[in-house]
Structures are given as structure tokens and as C-alpha cells.
Number of protein chains: 2
Amino acid sequence: MPGETGATTSGQLRVHNLLRVLRAVHDGGAMRTRAQLTHDLDLARGTATVLVADLIGSRLVREEPTVQRTRGRPTRVPGPHPDGPVALAVDFREDSWTVAMAELGGRLTTRETRPHRPGPPEAVLGELADALRAHVRALGQRVAGVGIAMPGPVRGDRLLDVPHLGWRDVEVTALLAASRIAAAPLPVLLDNDATLAGLAEARRGALRGVAVGLHLHVDFDVGGTLILDGRPLRGAHGTGGEFGHMPLTGASGVCACGATGCWSLGVGANALVRLTGGEVTPGQGREEAQRIIAEAMAGDDRAAAALTSTARALGQGVSALVNAHDPQVVTLSGVGADLRTHAEEAVREAYLHGLMMFRRDRPPELVSSALGSEGILVGASEMVFDAFLTPRGLHAWQQAVSPLAGSVAEHRRPTG
Amino acid sequence: MPGETGATTSGQLRVHNLLRVLRAVHDGGAMRTRAQLTHDLDLARGTATVLVADLIGSRLVREEPTVQRTRGRPTRVPGPHPDGPVALAVDFREDSWTVAMAELGGRLTTRETRPHRPGPPEAVLGELADALRAHVRALGQRVAGVGIAMPGPVRGDRLLDVPHLGWRDVEVTALLAASRIAAAPLPVLLDNDATLAGLAEARRGALRGVAVGLHLHVDFDVGGTLILDGRPLRGAHGTGGEFGHMPLTGASGVCACGATGCWSLGVGANALVRLTGGEVTPGQGREEAQRIIAEAMAGDDRAAAALTSTARALGQGVSALVNAHDPQVVTLSGVGADLRTHAEEAVREAYLHGLMMFRRDRPPELVSSALGSEGILVGASEMVFDAFLTPRGLHAWQQAVSPLAGSVAEHRRPTG
DNA sequence: GTTGTTATGTTCTAGCCAAGAGCAAAAAGG
DNA sequence: CCTTTTTGCTCTTGGCTAGAACATAACAAC
């Protein structure tokens, strides 16, 4: 599913095949036996032997025995090496952040959540940097990178806008680098939380194996991402997937983003609060939105009307996106999943009504996220592994493990 | 730019490199010298010699002398072989169709346009089949495939809907196959005209080398495609890119597609006709739209108002798509290019106004198509070459040229 | 016009890689 | 305890690209 490699020389061929094995181990959650991997990757047994031995030698993988009860010589399960690479994943929200650790195979291990007060980026990110530094100290060279999910559009190393915090154009990576979270330079990768929720869904959730999928993450407003062969479509500068800022439902009013009539104005936690007459407190609407949904289910008329209205807006917007992109499945996370669950009829009716005729006989299914609130952290760690499971990442790792044996040559120019 | 290959064995490595050279020849319009290709593809000179010799032996390529005036041993230009593969490209419209021929490098050669009366698919496509059969007879084994651009959504082998012709769910490929256009089975590929216009722009137009581009083809209504690394995003079933059927401008009324408030209702030839009080005659509005634009330029108030209105709707819709997808460039073809040229201010104002704040400092440029009306034919031929320039296509060709020497093995299973 | 310079094509060898065959190993079944 | 089954390991073989050495064909300078 992740990035292609495309070997040209026999040296690159080896790297490509090492990565194929490594990615297969990772994507399979470190559950597949070596025999299965050999078969799935269409390798000769001898080749698999050599490749796995190489990965074990590089401290990337370790083989564990199986608990199988099959005939024949028992095979083993290549999984994460105890000294192997780990990703640090951060889910940064308006009111708190969570740091987790993921090893090869994707399992999230430690987790640490801390609230933060609204404040200038330097202060808030300084606390995060302290926590990251502690993790990096404990893990040593094992940290392959830090992946950070942000609640706003991200362009390269910059967080462009978090209305609820009043943050504009924050150079997150530079601030963290200034806090020296690691002795050696460490890859710090940033992306939008909705994009990463979609990435997680693509790799370990309901969009697994789906060629074209659409993920929508509804939180305070609507974000999302189109998934292509397991890769999110990030756009030319990384700020793609802002579906919430298209005028899909004929809403009126100016959005916080600066555009007019955005879809987000009618869906999401803020819309629920506004529709029930509440005051939108920046970054504080999640619990209130849950409360409104609960009230609606309990029979409160005003809450029910708000729920139905947002559900309709959700369905209508989804239909427009399905018309445009022809996805195979649409997944919903955050409040989107709640709307689908608790106001299914309203969502579905608006959805079908908005579809082009020829799409109505077999419309793409609307599915709730398989990962729930975990998704963002999973996506952040997958982003780190995406960068790591490349010729470049592998080369860097092997250099660190054994600087002399250069199995993966960085680059080279022909004679000319 | 086109499809990846991803070799795993040394045999596949050779195929991969043969295709890299062949694609480089094709993408470069058969203009690059062998020395340039060697450098661009980062090959050793010896490797280039072997690869080019192999391609020449397979009658895929022929080297022509250069007219260069440089020092050193003169290099030559690999270009299309006189007995090499050709693509047949068809631009099928509501009132006529055009057949053209393209050789490796993309040059369009013969061209034949014929009008057709509205009628049942069998009759109209029968005439097209006759023309194709004649071309295939003349070209023999050289025809690598037929690419057909259709003025409506295409799912696999089916043309789903052409409102202006009253066609629904037409099995185009099956009908052509029944007409036996070739003795041996021939790849017949179908796609939407707007998608192919975008594909052409990506390969030989203004989206060349652009990682993420958006092409919009405005004809009777609005179609388009997102271009990713030179590949159009076709969706799960091939019906992606129907941007015209999102409710982006708050238009009222039911669209011919079955949805409500579609963007297409306010842009395009039909909208121009409708806005000037004219009657929309199915499939006949192209000249009238041009006339209205001319009148507007000449000072006619009603025509000018219609022009401005559609231009505004165009700009507004584009801004929504830019918000969502963050393209690097947006290209416009058909009436879209005319609107951009003749009502630039209205388009631009609406475009900027609809953008999210953080996109306004450096908004993606709106550019007119570099290929104009040629684009659809170019795109149809590129689609054929995309399928041909793959291990599968190369294998089939080499089998036909010399059935014994199997340089490209089709597939294989390991010992197990 | 002869020689030098430069850039490119060709040929040959070395090194690397994966496929595959044969053998060894490790389990279950009888 | 022996057979069957499945997998891992080792070694050979064929194929591929890199790179060096050589050949070639132009221009440039004298």
C-alpha cells in the first residue's frame, strides 16, 4: 500500500525487496509468518531466507515462534526487533495533547495525555517538547521519527491556522528543533489530524485494501482526505482535504476560514452547539456536542432538530464528494461517526438525494471508522513509518547500526 | 510520469528499464537524444546501448540522426519505428466524431472527422466501427489499441449517460467488438472526454511536470479531473472527476444528472444559452455559446451579463475545488478557456473571494489549456500508450514480433 | 589538412541479485 | 518408529547493470 520504490540497478533491487518484506511485516501488524510473507510477496524461499537474515542483522526484525498446530516444519513470525525502530506519535488538540509510541507492526504502546491551557505556541509546544525529549532519551537511537497530528491546515513545517487557539502560521518543527528534543537531528513530520485519521483508516481500518476511499473526520468542523491505494492525497503543498471549506450545502455566513457558506458551518460540534442556541467556546465544544446528541436520543426536541439538521448537511455534502470522486467507501470518524449511528436515516436520505442518478443503484457505503479516537495517533505513527520504510530511511538506519557495511548505497552518478 | 513498475527479479528489472527508456522517448515527444536519455534516466552508457538495441530489435524504436552542431561523437535520437506501435484515438461528440492516429512520441497524424445524426447507439457506433476497421486494416499488427473519449460518464466498458443523445448505459466496447473492427482482439479503452483532456494537459500541456493539478473542461457542462503525478484520478469505478455535479454555487433546479443545484447549471454552453433566453437544443449549443461570447465582447448587454454570470460561477466553483484539493495549477479547456480569456476579472474576483484566507496570498494560477481542442484526442491516445507501456503491453508486442525470444516473461510462480 | 579535443557508442568483465534445485530440519499423522 | 508434509538453508546458475577500456565521429586549432 505505501510508497513505491522502482529499482533500476541490482543494488536497488535488493533494497526494494528488503523494503517489500519490511512493509509487509509492518502492514500485516507483525502477524504473518515467514512462509506467508514468502508466498504473498511471490519470493523464492531462498530469497526470503537471505532478506529476513539481512533484516535481522540490521536489528529491524526478530523472528518469534508461532503457536500454530500445522503439519510440516514450523515457520516463524517476523516481528519488531527489541532494539528496532519506533515512531513517536502526537495527537495535538486544542485543549490537550497525547504522545504514544509505535513499533514496527503498528502496535501503540505507551501513552501519555496532558491538558494544556490556551497560550502562545512557544509555551504550549515547549511542554510538548519536554515530554518528547524524555521519550527520546529513554529510547536512544531507536526513534525513527516524530509524527504530529495538528488540528488545522499544515503546509510543510508550518501549522497555518488554528482558529480555536488563535494560532497563525506557527513553525512547529522549528520550535521543537529549538527545544532540542534529540541530540541528533530527528525527522519531525507534521500533518492535519483529519488527514492522519484517514491514513490510519487506510492502513489499519475500514479503508484497508480500498483503491479509492474517502475519509471524513468531523470534529469542530469537517476535514478529511481522499485515499488512493493507501496513500492520502495531500495536495501540492500538503493542505489538501479541506472538504469542509467548500460551499456544499448552501449555508450562509462567513466561515472562520475566510470563505463563505462553508459546509463546516452546518456540520460538526460547533454547528450542533450553535443550532441548539449555545455559545461556541473555542476548543470546548466536544463534550457539549456529545451531550446534545445524548439529549436528542433522550427526546429533547431542539437537540433532535439540531441533530437532524447536521445529519442532513453531512449526507448532502458527502453526496457531492461522492459525485465528484467516485470513492468505493466513505468512512466517518469523530462526530461524523456519531451522526451516522444516531441519525442514520437523515444522513442516508440526504446522501442518496444528492447523488447523481447513475450512482444511486449502488452508492458507496458510509461506514464508521474502525479505529475511533485512536485513529489520529495511529495515522501519525504510520506517517513516520512511511518515511522510514523508504530507501532513504533504511539507509540511515543501517548506517547507524553498522556504519561500515553499506548494503544500501545512497546515490551515485554514472561515469558520464 | 505514467505508471510505476516496481521490479522484484532481475528479469523484471530489464523490463522495467526497457519501459523507462520507452516512456522517456514517448514523453519527450521523441525529441531527446540517446545521450540525453542516458543522462536523464541515470543509466550507464553501456546499459543504454543494450536497452536501445533491444528496443530497436523489437521494432519499437528507430534511431534517427541529429541535426546538432556540437562537439564530440554525434548521438542520435530514438524515435518511433516505422513498423512500431500506433494508437487510434477517437473524440466522440454529440454530433460528430473524429478519429486520429498517434505514434510513439505522441504525434497525431491522420485525422478524419464525420458528423453523425442523433440515433440509437448501434447505428452511430456502427459507422465509427467501419472507420476504425479501415484504419486497423491499413495498419495491420501495428495498432496497440483504440482510445475513445466519450461525452459522458464512463464506467469500465460502459458509457453510462449522454443526456443530449438520450443514451443510457451503452456497452460501447461490446458493440465495437461485435462489429469486429480487428481480426485479433484489440484493446479498446473508454474514458470521459474531460478526464482525457486533463490527461493530455498533464502529459503534453500546461500540467506537465505538475505534481497536483486540476483540469476543468467546460463544454455543455463542467467536467474535469485531478491530476496526480501525471495520472488522472479516475475513482473506484472510473467515474471520478464529475466536479460539475457538486452544488458549489447555490444554483437552484434539478440537473439532468438527477442531483440538485449542480455547478454545471451555472457554467458552460447550456448555461450561456439559457441565460440569454435561448432554448437549449441538445448537442447544438457550442456555436451558439461562441456567438454569445462574441456578442458580449461586441457590447451586447444581455450577452455580457450572461458571460459575467457564468464567469463568476466558474470562479466560485474553482475556489471550492482549490480549497478542497490544494492543486498547484488549475487548467481550463473548452468554454472555460474562453471565459478565462474574455471575462478574466469576473472569474478572478469570484475565485479569490471563495478561497480560504491562507490560500489567498499565493493562490494557484488559472491557466488556459495548452492543447485546445486537440486535447481530447491527445488524451485518448495517451490512454492507449499508458496501457501499452507496461510489462503486459510490452510482452504482448514482443510476442507478436518474435514469438520465440521471450525477453519479457509474463508471470511465474516460485517453487512453493 | 593534420592533429588535438571532446563527447558518445561499443565491448567486455566484474559484481550482485534472485530463481530454483537439492538437501536438511522439524513438526504432525498413522 | 516411520511416513508425510511443510519449511528453512545452501549452492549453483543465469541474467542484469556498472564501469572501465577502447573505438568512433564530429568540431577546433594551428
Side-chain angles (χ1 to χ4, degrees), chain A residues 5-21 32-57 63-78 405-409 411-416, chain B residues 5-21 32-57 63-78 405-409 411-416:
Chain A
T5 314
T8 300
T9 73
S10 35
Q12 294 174 331
L13 199 62
R14 175 56 147 266
V15 175
H16 178 234
N17 278 332
L18 284 173
L19 287 172
R20 286 214 309 151
V21 173
R32 279 191 276 189
T33 65
R34 177 147 138 211
Q36 281 177 310
L37 290 171
T38 306
H39 178 263
D40 293 352
L41 299 180
D42 209 356
L43 293 169
R45 288 211 302 271
T47 311
T49 300
V50 176
L51 294 174
V52 171
D54 198 338
L55 293 175
I56 291 173
E63 285 196 311
E64 304 283 356
T66 19
V67 278
Q68 51 159 17
R69 294 262 139 232
T70 62
R71 255 179 115 154
R73 178 172 177 170
T75 181
R76 283 178 294 177
V77 180
S407 150
V408 184
H411 200 65
R412 168 209 51 81
R413 278 264 116 195
T415 343
Chain B
T5 314
T8 300
T9 73
S10 37
Q12 294 173 331
L13 199 62
R14 175 56 149 268
V15 175
H16 178 235
N17 278 332
L18 284 173
L19 288 171
R20 285 213 309 151
V21 173
R32 278 191 279 189
T33 66
R34 176 147 137 210
Q36 281 178 309
L37 290 171
T38 305
H39 178 262
D40 293 352
L41 299 180
D42 209 357
L43 293 170
R45 286 211 302 273
T47 310
T49 300
V50 176
L51 293 175
V52 171
D54 197 338
L55 293 174
I56 291 173
E63 285 196 314
E64 305 282 357
T66 20
V67 278
Q68 51 159 18
R69 294 262 138 233
T70 63
R71 250 177 120 154
R73 178 172 177 171
T75 180
R76 283 178 293 176
V77 179
S407 150
V408 184
H411 201 64
R412 167 208 51 80
R413 280 264 114 196
T415 343

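We name chains A, B, ... by the order of the sequence lines, and we start the count at 1 in each one.
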Could you tell me how far apart [X] ([atom1]) and [N] ([atom2]) are, to the nearest whole angstrom?
X	N	atom1	atom2	result
A:L41	C:dA19	CG	C1'	15 Å
B:D42	D:dG19	CG	C1'	13 Å
B:L18	D:dG15	CG	C1'	13 Å
A:R14	C:dA19	CZ	P	11 Å
A:L19	C:dC17	CG	P	14 Å
B:L13	D:dG14	CG	C1'	14 Å
A:Q12	C:dG15	CD	C1'	15 Å
B:H16	C:dC17	NE2	C1'	16 Å

**Asked** Taking only residues two or more places apart in sequence or in another chain, which ones pass salt bridge (Lys or Arg N to Asp or Glu O under 4.0 Å) with B:R76?
**Response**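 Testing B:R76 for salt bridge (Lys or Arg N to Asp or Glu O under 4.0 Å), a comparison that skips the adjacent residues, returns B:E63.
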message = Going by salt bridge (Lys or Arg N to Asp or Glu O under 4.0 Å), name the residues that satisfy it together with A:R20, two or more places apart in sequence or in a different chain.
response =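 A:R20 satisfies salt bridge (Lys or Arg N to Asp or Glu O under 4.0 Å) with no residue once adjacent residues are dropped.
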Every protein N/O within reach of nucleotides 8-10 of chain D N/O, cut-off under 3.5 Å:
unit_1: D:dG8; atom_1: OP1; unit_2: A:T75; atom_2: OG1; d: 2.6
unit_1: D:dG8; atom_1: O4'; unit_2: A:R73; atom_2: NE; d: 3.3
unit_1: D:dG8; atom_1: O4'; unit_2: A:R73; atom_2: NH1; d: 3.2
unit_1: D:dG8; atom_1: O4'; unit_2: A:R73; atom_2: NH2; d: 3.4
unit_1: D:dG8; atom_1: N7; unit_2: A:R45; atom_2: NE; d: 2.9
unit_1: D:dG8; atom_1: O6; unit_2: A:R45; atom_2: NH2; d: 2.9
unit_1: D:dC9; atom_1: OP2; unit_2: A:R34; atom_2: NH2; d: 2.2
unit_1: D:dC9; atom_1: OP2; unit_2: A:T49; atom_2: OG1; d: 3.3

Check whether any side-chain N or O of B:T66 sits under 3.5 Å from a backbone N or O of B:T75 as a donor-acceptor pair, and report yes or no.
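Checked: pair present.
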- [ ] Give a yes/no on whether any side-chain N or O of A:N17 is located under 4.0 angstrom from OP1 or OP2 of C:dA18.
- [x]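 For C:dA18, OP1/OP2 do have a side-chain N/O of A:N17 under 4.0 Å.
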Minimum heavy-atom distance A:R14-A:V50, with the two atoms named
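Scanning both residues, the minimum pair turns out to be NH2-CG1, 3.0 Å.
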What pair of heavy atoms forms the shortest contact from B:L43 to B:L51, and how long is it?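 Heavy atoms only, the tightest pair is CD1-CD1, 4.0 Å.
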Review point. What pairs with B:T70 under side-chain hydrogen bond (donor to acceptor under 3.5 Å, both in side chains), at least two apart in sequence or on another chain?
Key: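 side-chain hydrogen bond (donor to acceptor under 3.5 Å, both in side chains) check on B:T70 returns B:Q68.
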Please name all residues satisfying side-chain hydrogen bond (donor to acceptor under 3.5 Å, both in side chains) with A:T49, sequence neighbours left out, ordered by chain then number.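 Once residues adjacent in sequence are excluded, the partners of A:T49 under the side-chain hydrogen bond (donor to acceptor under 3.5 Å, both in side chains) criterion are A:R34.
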Test item: B:V21 and B:L55 side chains (from C-beta on) under 4.5 Å apart, heavy atoms: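 Answer yes - side chains close enough.
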Query - Within-4.5 Å side-chain heavy-atom neighbours: B:V52 and B:I56 - result: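 They are in contact (side-chain heavy atoms under 4.5 Å apart), so the answer is yes.
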Between the protein and nucleotides 28-30 of chain C, list the N/O to N/O atom pairs that are separated by less than 3.5 angstrom.
unit_1: C:dA28; atom_1: OP1; unit_2: A:R69; atom_2: NH1; d: 2.4

Between B:Q36 and A:L51, name the one whose nearest nucleotide on DNA chain C is closer to the 5' end.
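This one resolves to B:Q36.
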